[in-house]
Amino acid sequence: MLVPSASDAAPIIELRGVEKFYGASRAVQTMDLSVRQGEFLALLGPSGCGKTTTLRMIAGFEAPTKGDILLHGRDIKADPPYRRPVNTVFQDYALFPHMTVAENVGFGLSVARRPRAEIKTRVTELLTMVGLGDKAGRSPAQLSGGQRQRVALARALARAPEVLLLDEPLSALDAHLRQQMQIELKQIQARLGLTFIIVTHDQSEALTLADRIVVMNHGVIAQIGTPAELYDSPASPFVARFLGAANLIPCRLAERRDHAVTLAIGGTSLSLDIAGGSVPATQNLLLCVRPERLLLLPEAKPGHSLPARVESRIFLGLVERLQLRLPDDTIVNLDLPHRGAMPPALGETIHLGFEPGTTRLFVAETNDDSGAD
């Protein structure tokens, strides 16, 4: 018997027309969202975008002002947190300092008055799974940040929730440990087959962990999709900027035919095939292209390249990023493989090409702020 993947599984949680007000301030605006059984979903966005409020409404710590929250089709918005088959891993771990690691993990089972032998077996199983089988008798103060995070995860899983909610669980860790824990979280979620929902403002974390990402801004969903869909086909300048590096070049539409366009950029004419559907029917546009999709051409191609002056070079490990100034003074980034040909010198004028089918056009917006506090 084949087990359905998260991509075709039935929804376990649904938010229908959910809104949340704090006084006159609306933190979440008319949200409709289906979370699939067994998927790893990320709520991604800047501070103040409503992602944590959404997580807290699913957990039961906040009540929606309007709308319904369904679990397996049943409205649970009136259920208190302890009656919902969900559990939360908090940003600060919230471990009990006076308890041992084993007592922390087994706390929820003790409250539920499970048999002592069952608690011991379950705690041993979970601590082994998170690699802390030899730390059962220690106190949280004797553990590293990564170990405390593992204890919090084991405790949240102890009562076998149907959905695990993670509120910025890795934000206190250093970069190396954070990357290690991302891998471990993904492996644990895949092994258990549970539905995980993580809140994060870290784009790389969302790209690493999630099957799907919900990008939020100003309390609304800006776009939902797989990491590849959002990276390759952002729906707006905000999504393009927030999920990975993106060049957004002001331009004017001179001519269009289906997906082929001719653009005016700083007095230079550029002809391109545009990906991602129809071309906006307006003159003032933004040409979107990722830094690794720009090409360093050996010579000018009239109508198909732009002149650009090298302003700076930044070493990023796998790539060297060139910051380039276009004729209209727009600054764009071009990423070159570190072990490729010798990059051009500072002040040198180069010829910039565009990888076919990788550019998108957006309507130029007067205020596309990040939504940050």
Side-chain angles (χ1 to χ4, degrees), residues 3 5-7 9 12 35-44 51-52 55 59 86-96 99-109 121-214 226-228 317:
V3 178
S5 66
S7 62
I12 184 171
V35 183
R36 300 164 183 161
Q37 179 85 43
E39 80 170 323
F40 205 135
L41 185 81
L43 302 178
L44 174 69
K51 58 187 185 297
T52 297
L55 195 80
V86 304
N87 217 337
T88 305
V89 178
F90 297 99
Q91 183 174 355
D92 61 359
Y93 314 141
L95 300 178
F96 300 114
M99 293 184 180
T100 66
V101 166
E103 289 168 342
N104 266 281
V105 174
F107 177 76
L109 298 174
T121 299
R122 180 65 171 158
V123 168
T124 300
E125 171 189 299
L126 288 168
L127 287 178
T128 300
M129 182 183 69
V130 299
L132 294 176
D134 60 342
K135 303 292 191 297
R138 296 195 180 184
S139 71
Q142 294 175 298
L143 303 180
S144 68
Q147 289 171 335
R148 289 196 294 271
Q149 199 275 344
R150 291 184 179 93
V151 175
L153 177 62
R155 185 179 63 180
L157 292 171
R159 295 186 65 178
E162 293 189 55
V163 180
L164 188 68
L165 309 176
L166 303 110
D167 184 11
E168 303 263 14
L170 309 181
S171 61
L173 305 180
D174 62 54
H176 176 73
L177 186 54
R178 188 168 186 156
Q179 290 178 348
Q180 178 184 335
M181 289 305 305
Q182 288 171 4
I183 295 170
E184 292 186 18
L185 265 182
K186 187 70 172 176
Q187 290 173 340
I188 289 171
Q189 189 268 341
R191 186 187 316 159
L192 297 176
L194 290 180
T195 304
F196 279 27
I197 304 176
I198 188 170
V199 159
T200 181
H201 64 275
D202 186 321
Q203 57 178 262
S204 64
E205 188 164 280
L207 290 169
T208 299
L209 290 172
D211 300 312
R212 286 192 305 152
I213 299 172
V214 180
T226 67

Sequence-distant partners of Glu162, salt bridge (Lys or Arg N to Asp or Glu O under 4.0 Å), two or more places apart: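 Testing Glu162 for salt bridge (Lys or Arg N to Asp or Glu O under 4.0 Å), a comparison that skips the adjacent residues, returns none.
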
Verdict with reasoning, Arg148 to Leu95, per side-chain contact (heavy atoms from CB on, under 4.5 Å): CA-CA 8 Å; Arg148 289 196 294 271; Leu95 300 178; 4.0 Å; yes

Going from [atom1] on [X] to [atom2] on [Y], what distance comes out if it is rounded to the nearest 0.5 angstrom?
X	Y	atom1	atom2	value
Gln189	Glu39	CD	CD	9.0 Å
Leu165	Leu55	CG	CG	4.5 Å
Leu41	Arg36	CG	CZ	9.0 Å
Leu194	Leu157	CG	CG	6.5 Å
Leu166	Ile198	CG	CD1	5.0 Å
Leu43	Arg212	CG	CZ	10.5 Å

May I ask you to test the [X]-[Y] pair for a side-chain heavy-atom distance under 4.5 Å?
X	Y	answer
Ile188	Met129	yes
Arg155	Phe96	yes
Lys51	His201	yes

Under 3.5 Å: donor-acceptor pair, side chain of Thr195, backbone of Gly38: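 Yes; judged by distance alone, with no hydrogens or angles, the pair exists.
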
Polar side-chain atom of Arg122 near backbone of Ala158 as donor-acceptor pair, under 3.5 Å: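 Checked: pair present.
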
Provide the closest heavy-atom pair for [X] versus [Y] in the form atom of the first, atom of the second, distance.
X	Y	value
Ala154	Leu126	O-CD1, 3.4 Å
Leu164	Ala156	CD1-CB, 3.5 Å
Gln91	Ser171	NE2-OG, 3.0 Å

Pairs satisfying ring pair (Phe, Tyr, Trp, His ring centres under 6.0 Å), at least one member in residues 156-199, at least two apart: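 Only Phe40-Phe196 qualify under ring pair (Phe, Tyr, Trp, His ring centres under 6.0 Å).
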
Qualifying salt bridge (Lys or Arg N to Asp or Glu O under 4.0 Å) pairs, either residue in residues 173-202, two or more places apart: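 As it turns out, the salt bridge (Lys or Arg N to Asp or Glu O under 4.0 Å) pairs with a partner in residues 173-202, which skip direct neighbours, are Arg150-Glu184, Arg178-Asp202, Arg178-Glu205, Lys186-Asp211.
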
Chi angles and distances behind the side-chain contact (heavy atoms from CB on, under 4.5 Å) call for Leu153, Leu185: CA-CA 9 Å; Leu153 177 62; Leu185 265 182; 3.8 Å; yes

side-chain contact (heavy atoms from CB on, under 4.5 Å) evaluation trace for Leu44 with Val214: CA-CA 6 Å; Leu44 174 69; Val214 180; over 6 Å; no

Candidates Thr124, Val151, Val130 - the one meeting side-chain contact (heavy atoms from CB on, under 4.5 Å) with Val105: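 Going through the options one by one, the only one that passes is Val151.
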
Ile12 and its side-chain contact (heavy atoms from CB on, under 4.5 Å) partner, picked from Val86, Ile197, Val163: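 Among Val86, Ile197, Val163, the one meeting side-chain contact (heavy atoms from CB on, under 4.5 Å) with Ile12 is Val163.
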
Ring pair (Phe, Tyr, Trp, His ring centres under 6.0 Å) involving Tyr93 - partner list, sequence neighbours excluded: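 Tyr93: no ring pair (Phe, Tyr, Trp, His ring centres under 6.0 Å) contacts found.
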
Pair Arg138-Thr100, side-chain contact (heavy atoms from CB on, under 4.5 Å): steps then yes or no: CA-CA 5 Å; Arg138 296 195 180 184; Thr100 66; over 6 Å; no

side-chain contact (heavy atoms from CB on, under 4.5 Å) against Leu207, all qualifying residues, sequence neighbours excluded: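 Here the qualifying residues are Ile213, Pro227, Leu243.
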
Partners meeting side-chain hydrogen bond (donor to acceptor under 3.5 Å, both in side chains) with Thr121 (sequence neighbours left out):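 Counting only residues at least two positions away or on another chain, Thr121 forms no side-chain hydrogen bond (donor to acceptor under 3.5 Å, both in side chains).
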
